[in-house]
Amino acid sequence: MIPNITLVIQGIVFFAVVWLVMKFIWPHIIAAIEERQAKIAEGLAAADRARQELADADSRVADEIRKARLEAVAIIDKASQQAGQIVDKARTDAIVEGTKQKAIAAAEIESMAHRAREELRTKVASLAVAGAEKILKREIDANAHKDLLDQLVSEI
Amino acid sequence: MASEHASPNMTEYIKHHLHHWQVQMPGTEGQFWLINLDSVLIKLLAALLFVWYFIRVARRATSGVPGKVQCAIEMLVGFVDGMVRETFHGRSKIIAPLSLTIFVLVFMMNFMDMLPVDLLPWAWAGAHQMTGHDPAHAYLRVVPTADINTTFGMSITVFLLIQYVGLKHKGAVGFFKEFFTAPFGPWFAPFNLLLRVIEELVRPLSLSLRLFGNMYAGELIFILIAVLTLGASLTHFSTYLLGMGQFIAGFAWTAFHILIITLQAFIFMVLSIVYLSMAAEHH
């Protein structure tokens with residue numbers, strides 16, 4: 001069972017061809033395989049990334065919506081508060097204005113009454129003079145009896 | 001072997017190499033019932049290896065980033081599938097797996113040619129000697145595709161499949177009608193039939209003979225290269241020259257053979273697809 005020279009040379013040839021394949025053919029095959037692996041890995045990673053991004057965007061959108069809702073609530077609160085304030089202010093303003101107007105009206109009434117009284121008084125005086133004239137059937141010198149008349153007026 | 005026999009005759013050596021390990025089927029007589037056990041066993045081993053390995057890879061296949069082996073097999077399957085899609089326009093589930101099997105199996109059987117031509121026969125002879133048999137009767141041919149029985153077996157299978165695909169796609173009536181009407185029309189029915197029969201018979205013949213011829217010639221050239229140092233003795237100067245010659249010739253032919261074994265496997269596959277595709281198409 002000793003191999004002869006023919007077989008030995010054949011073995012050397014075999015390993016030479018193995019070397020040839022290793023050197024010139026195998027790298028190409030491995031390169032193609034690795035390229036394919038890289039492409040698949042890249043594709044899977046891209047898909048993962050896209051999914052992650054989508055999830056991120058979703059949560060961001062939810063966040064934004066929540067924030068916007070809170071903001072809206074705050075705005076509404078503030079607005080209703082402001083409205084209340086405005087109404088309150090309007091009410092107090094109206095009260096103040098009302099009292100003012102009332103005071104003005106009262107003062108006016110007072111002054112008008114005073115004037116009317118004065119007028120009435122003078123009219124009464126002249127009426128008294130006219131009455132007295134008629135009674136005395138002669139003209140009374142108003143100036144001469146001014147003191148008397150004034151006294152009369154003040155007595156009314 | 002050569003060292004154990006005084007001066008091995010060149011013709012004897014070649015004859016020995018081209019002799020199959022044969023067994024007679026029990027209870028039979030004659031050449032027809034001889035089985036080339038070496039071709040059968042090596043083809044069976046190759047088939048088992050192929051099935052076992054591919055199943056293993058398929059089971060472990062991941063939809064994530066594939067390993068290198070899965071990647072290589074995916075590329076191979078993708079390549080075969082691409083060929084089938086390009087060539088075969090009918091619909092059949094069997095074509096792509098058949099093509100893959102043909103390609104890988106033929107390649108594996110052809111690959112046996114790459115091993116040193118004396119290695120397995122030498123080991124086989126050694127095994128014979130150790131078990132007390134005569135090593136001179138230890139016959140072993142390691143390349144199943146260099147056995148015309150193997151190639152015919154495959155091409156006849158493909159031939160039957162061609163008929164089956166034709167029947168399935170055209171129906172029995174269309175299939176048999178075509179024998180008489182294509183390609184020259186019903187007026188030339190006998191010619192059509194004759195042409196069809198020749199066409200159908202030539203296909204398995206050319207398929208098997210092409211593969212057999214290539215592999216047989218390749219094996220023969222390996223044997224002839226080996227003859228350069230047959231029975232040589234290290235005391236002769238010519239041995240070194242012839243040894244160099246053997247190395248160079250062996251190296252060149254083995255390297256070139258990488259191309260041939262791949263090409264032959266590829267051709268067998270492509271032609272099978274083409275024939276099946278033609279069978280599925282209406283004329």
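Within every chain, numbering begins at 1; the chains are lettered A, B, ... in the order of the sequence lines, protein sequences first and strands thereafter. Computation of the quantities below employed the complete heavy-atom set of this structure, encompassing side-chain atoms and omitting hydrogens, waters and symmetry-equivalent molecules. None of these values were measured; they are calculated from a predicted model.
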**Prompt:** Checking A:I29 against chain B: side chain, backbone, both or neither under 4.5 Å from a heavy atom?
**Reply:** neither
**Fill in**
A:L44 and B:S63 have their tightest heavy-atom pair at CD1-O, 4.2 Å
**Asked** Do you know which two heavy atoms are closest between A:I40 and B:V65, and how far apart they sit?
**Response** CG2-CA, 4.0 Å
**Prompt:** Where does A:V21 contact chain B at under 4.5 Å (heavy atoms): side chain, backbone, both or neither?
**Reply:** side chain
**Segment of A:A32 engaging chain B (4.5 angstrom heavy-atom cut-off)** = both
**Asked** Around B:Q22, counting heavy atoms of other residues, nucleotides and ligands shown, do more than 12 lie under 6.0 Å from its CD?
**Response** yes
**Item:** Main-chain N/O of B:C71 paired with A:Q37 side-chain donor or acceptor, under 3.5 Å
**Value:** no
**For chain A, the option from B:H257, B:E74, B:M114 that forms the most heavy-atom pairs under 4.5 Å** = B:E74
**Request:** Mind running side-chain contact (heavy atoms from CB on, under 4.5 Å) on B:L115 and A:F14 for me, showing each step along the way?
**Result:** CA-CA 7 Å; B:L115 300 178; A:F14 181 72; 3.9 Å; yes
**Asked** Can you check whether B:L119 reaches A:Q10 side chain to side chain, under 4.5 Å on heavy atoms?
**Response** no
**Item:** Within-4.5 Å side-chain heavy-atom neighbours: B:F251 and A:L20
**Value:** yes
**Residues, nucleotides or ligands: over 12 heavy atoms within 6.0 Å of B:F256 CZ** = no
**Prompt:** What are the two closest heavy atoms between B:A72 and A:I33, and how far apart are they?
**Reply:** CB-CD1, 3.6 Å
**Message:** Tell me whether the count of non-hydrogen atoms from other residues, nucleotides or ligands lying under 6.0 Å of CZ in B:F111 goes above 12.
**Reply:** no
**Message:** Nearest 0.5 Å, please: how far is CG in B:L228 from CD1 in A:I5?
**Reply:** 12.0 Å
**Item:** Test log, rule side-chain contact (heavy atoms from CB on, under 4.5 Å), inputs B:V117 and A:T6
**Value:** CA-CA 10 Å; B:V117 74; A:T6 310; over 6 Å; no
**Request:** Tell me, yes or no, whether the heavy-atom count around B:R85 atom CZ, taken from other residues, nucleotides or ligands under 6.0 Å, exceeds 12.
**Result:** no
